[in-house]
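The structure appears below as structure tokens.
Order of the sequence lines sets the chain letters (A, B, ...), proteins ahead of strands, with each chain counted from 1.
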Number of protein chains: 2
Amino acid sequence: MAHPQVTFHPNNVTVSGQDGERLMDLALKAGIDITNLCGGQGVCGSCRVRIIRGKVRTTGKQIGFMDKRSLEAGYVLACQTFLTKDNVEVWIPPESRMDGEQILTDYDASFIRDGSPRSALEPLGKKVQAERFLCYEAPCTLEEGAEAHPPEGLRPICTKVYLELPPPTLDDNLSDLDRIYRELHKVMHELTPRAHFSCLWGLARLLRENDWRITTSVYMRDFGLPLIRAIEPGDTSKRNFGVAVDVGTTTIAAQLVDLTTGRPVGTEASHNRQSQYGEDVISRMIFACTRGGQSPLNMAVISTINTLMNRLAQGAGIRTEEITCIVAAGNTTMTHLLLDLEPCHIRVAPYIPTANRVPLYHTVELGLKAHPRATLHCLPCVSSYVGGDIVAGVLACGMAERSELSALIDVGTNGEIAVGNSDWLVCCSASAGPAFEGGGIQCGMRATRGAIEKAEIRGERVRIRTVGRAKPRGICGSGLIDLVAELVAEDIIDQSGRFIRMDHPRVQVRDDTAAFVAAEASETESGEPVILTEDDIGNLIKSKGAVMAAMKVLLDSLGMSFNDLDKVYVAGGFGAHLDIEKAIFVGLLPDIPQERIQFIGNSSLAGARLALTSTDAFGRAEEISKKMTYFELSVRPEFMNEFVAALFLPHTQMELFPSVVKAIARRRKHA
Amino acid sequence: MAHPQVTFHPNNVTVSGQDGERLMDLALKAGIDITNLCGGQGVCGSCRVRIIRGKVRTTGKQIGFMDKRSLEAGYVLACQTFLTKDNVEVWIPPESRMDGEQILTDYDASFIRDGSPRSALEPLGKKVQAERFLCYEAPCTLEEGAEAHPPEGLRPICTKVYLELPPPTLDDNLSDLDRIYRELHKVMHELTPRAHFSCLWGLARLLRENDWRITTSVYMRDFGLPLIRAIEPGDTSKRNFGVAVDVGTTTIAAQLVDLTTGRPVGTEASHNRQSQYGEDVISRMIFACTRGGQSPLNMAVISTINTLMNRLAQGAGIRTEEITCIVAAGNTTMTHLLLDLEPCHIRVAPYIPTANRVPLYHTVELGLKAHPRATLHCLPCVSSYVGGDIVAGVLACGMAERSELSALIDVGTNGEIAVGNSDWLVCCSASAGPAFEGGGIQCGMRATRGAIEKAEIRGERVRIRTVGRAKPRGICGSGLIDLVAELVAEDIIDQSGRFIRMDHPRVQVRDDTAAFVAAEASETESGEPVILTEDDIGNLIKSKGAVMAAMKVLLDSLGMSFNDLDKVYVAGGFGAHLDIEKAIFVGLLPDIPQERIQFIGNSSLAGARLALTSTDAFGRAEEISKKMTYFELSVRPEFMNEFVAALFLPHTQMELFPSVVKAIARRRKHA
């Protein structure tokens, strides 16, 4: 019996399937990544595809995610659609495609400030184009400041040193290896490096065929002592690249760094392919420990990182073999799954990880495609629920080196909060959900091309700006905050997130559900409107409520209030910019003077890059991980009270947000 | 066309060959090791086999090595015999077999001293049987003294530590890895070990499925810091084995050591399979650099060591996976070939090795079959012509730790001499040839079962003793020295090594060549007599002459004489015993009081074992290698003069050997 054939467009890839096989799995088999925020459970609607030809079976769940026209056009959810015996042709619309996705950056923050927004459809300017590879979608703004560069200067995990050795003579008859040691010692002025045994293979010929000119790759973190892990012919000292990786639960971001300058030369991000096994850390752990085992999860994250590294290498015109080291930051579970360690005991009391501070790994033994002798270094974790990502964030913002009291708020799928200074550090973690990365939001997406990243509503006029000035495709975290803040300010929704101005021309009710049309069908890439539903707003409220409650309980337990904080760093995958005022307005951030709050973008990635380019910074990360005290929220009954109190825009206790009270009053007066 | 089939007996293994293929190569293909001392050049006669059936082609070289009866019986040299189109059956006589060869040891030195020799045919005594695995054929007698055991106590390269970890609780919630570190620190009282990344794989399950009882393998020489390279379930701390290897040019000896006690539990030795590519270091280098490349040589030595380790494991009832570390000592070229490094520049000016002090190697990357995370450590070399074997010898005899002036004479294929004390060390090297290991001697063999190791001639009476009291098969180094000394003392040969008493019943002349029948045909295993020819005696004279000349030139250049030496250590593969008096008698050793001379057997193996069981000793070996000054004999014109002067028994300058002059006079008076 012939197997049904499935052809995916526009990729034009055909794979052979079986009766009953899921379309989502077939796409994976074909090497095509379809956006899939809920892990294939049919609850996010992000995997919409259109059946052009052939009969399929569906669970009917797509009905909740599309209008009649779309349904008639053959749109289905790939995760809820199964093959019959028919050959099938499938169209993947742009908003559901993940492959080849590019990260676009936009430093032009003129939109709100100078009041002259460009058209959402205006093409990407040349200046921005040129800076494309300089920064991640949510750039760590620290990159422009002092802290993100190693203050002690460039001292990357792998340094390449070019040597011109004097050829041996009867009087100067050191062995080849001792000759290299001697010359290297002259350059490095420190502990004499030793060589990894593999460097000796073929060394005699290598030296003699290349006129005694070689480049040694010296690794600074091999158990504290410098180790030569590779010797190459000629001068390759200018071709030394590292990769910093933020291993997020939902999104994995990777940055290629030129280790000769310490500057990033490209950034790519992608959906974590582990999502197919569950949306959040807990469901991944359950999959790893009771169902499929950890191996598929490990392979999914390794393959995601390999894809990102390939794209980075292509973009920068280098070979992946020129990547000499990788530094990764992730939460404890993500770190375990990256290293193929069992995450099972993280989940159950007494919550024990295999390791918080892990040894260096050889990339080749993990299947990471870099230089054959490259190493992977994970930033140390603190405990089962405070990972290397938050340590990276604390490292990146430099709060552990200063005497002033700072807080770091990292809003990811888990919201993590660290408070402290150079003397002490306390941290906690609360499940926030992926709303700010586009998860659980009907038109949610990450801050890539076409994502609405800014919004302004004045009466009936709606202005939006998208990443890359492309046709709107969806809404990213910063756009979501802007929209919700504006909807409250314009009294289109009330403070509990319910629509109250049903007469606004952009408010539509479909299937008894109200929604705000952020971009009309005529404006968008897909021809479908980009909308924000009441459910979406509810998800945002829950996310920001969890973060606010965690912050409040932690500070209360320290006998402190928000006003005691000299500095608040906000990190997360919201987008390239976060409007601090609006983030306060929706109650995500505390109502303290705005100049004390700094949005630093992806601080996990920034910390990983810092550790990659500075072994001293890596050492500081280890100190941070040892110094940080974990504060367990789940055993605090007051957390639930605070969470419920925070399920309001901005908060049920309005006295906590005096500036918001004033702003609303001011706005109403103008209206 | 069908390929000719070759069946080897008594192994009963059949392989398929080709017209023109060499019988020696076919035996290798069949996995059968045939003794082959000259590297297949048809000059040693050690690869005699008998063609039972089928037609072969030969070069005719066998004629010089056999009598008419043997030739008629179909005996040929395997290295000089080639297939035709015929199927062939081949009988490998016991003396040509190398497979399954066992090393036998005999501590009973009563033969000469108490004048009551046992019969050569007397079966091996029970006492000796029990001690079989205690010592190598040429035991390092230091094993019984203080020096061969680490004076600082047992501190092997790999220590296994059994831990019973307290299970984690909410109050004691260290990660699995930190828990291991904490408990290990309590036991080890020193630098906290770190773990190799592979230890983390499966660790969570391993701990929990084994009630938190584990054994850690801590390696002490991983770049100076202790490193956990393996974690095993339960208590395996009593199953920790290391292997010391003497990588000789002709013979490879390996000793299995119980690392929990430091005691050897088995010793095996075998012909170095590299011999098929050339007899000595120079011809191996030529092969590696101009003909076949280094790879076949590397594979030959690796396969020889693997075979020895397999035999050792079988003999001791362990699995090779229980071998956690290997320490090897070899000359610089042997060390290079073991590690697959190019030896080519060792041979040509300015004589540069790839490395003298090499890093540790992972056995798995070299193809050595031990524990998957086992390490190989080579004893450091001094220069291209003074290797880790001599450093091992200096380490084993302890001369570099004492103030008295000592010399070490290591007689291998190269004769190496070291002179010095705790302040200074000088060494030199001279090509001695493999005579004392049985090479280049018609009936020569290593000191294994059936080798004549002692001999006494009184008039017409000849007494011999063989290793294992087996039927005589050949003559090993100590037997050779005994025989030559006795032949001179009995005036059967003159001091230049020529036969002068042709009427002695044991002297026979065949094809114009005189020979002494050490064991008659009726006594031997093969039914052929074991003889010593004039050529054999000439080879011995050249070997001992090279050693004596090297010693003399070295001491002369230091302004010293033999009598300045407080101690002389003699090492080499002579056999289990070396009669010092007779070694002086033939002029191999200087004529100084015998109590100052100590035979220490295979000092390279003893040094390797010492380094295996003591990381401090390994550190001392590194110091020795840095301290030792190499003295180049080849640039000294006086060396050739001294060599020619030493081509006499004991020496042309008889005044150097007053005790020999006296002994000869005494003997003649009695006769």
Could you check which of B:Ile180, B:Leu200, B:Asp171 has the highest count of heavy-atom pairs closer than 4.5 Å to chain A? B:Leu200
For chain A, which candidate among B:Arg205, B:Glu365, B:Arg357 shows the most heavy-atom pairs at distances under 4.5 Å? B:Glu365
Tabulate, in ascending numerical order, the residues of residues 331-343 of chain B having at least one heavy atom closer than 4.5 Å to a heavy atom of chain A, or enter 'none'.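 Within residues 331-343 of chain B, near chain A: B:Leu339, B:Asp340, B:Leu341, B:Glu342.
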Using a 4.5 Å heavy-atom cutoff, which residues in residues 345-356 of chain B come close to chain A?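 At a heavy-atom separation under 4.5 Å, chain A is reached by B:His345, B:Pro350, B:Tyr351, B:Ile352, B:Pro353, B:Thr354, B:Ala355, B:Asn356.
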Counterpart residues, side-chain hydrogen bond (donor to acceptor under 3.5 Å, both in side chains), relative to B:Glu623 (two or more places apart): none
Describe, in one word, how the ring planes of B:His362 and A:Phe197 are oriented to each other, choosing from parallel (under 30°), tilted (30 to 60°) and perpendicular (over 60°). perpendicular
Heavy-atom pair with the smallest gap, counting every atom of B:Leu366 and A:Trp201: CD2-CZ2, 3.8 Å
Can you list the residues of residues 172-179 of chain A that sit under 4.5 Å from chain B, counting heavy atoms only? A:Asn173, A:Leu174, A:Ser175, A:Asp176, A:Leu177, A:Asp178
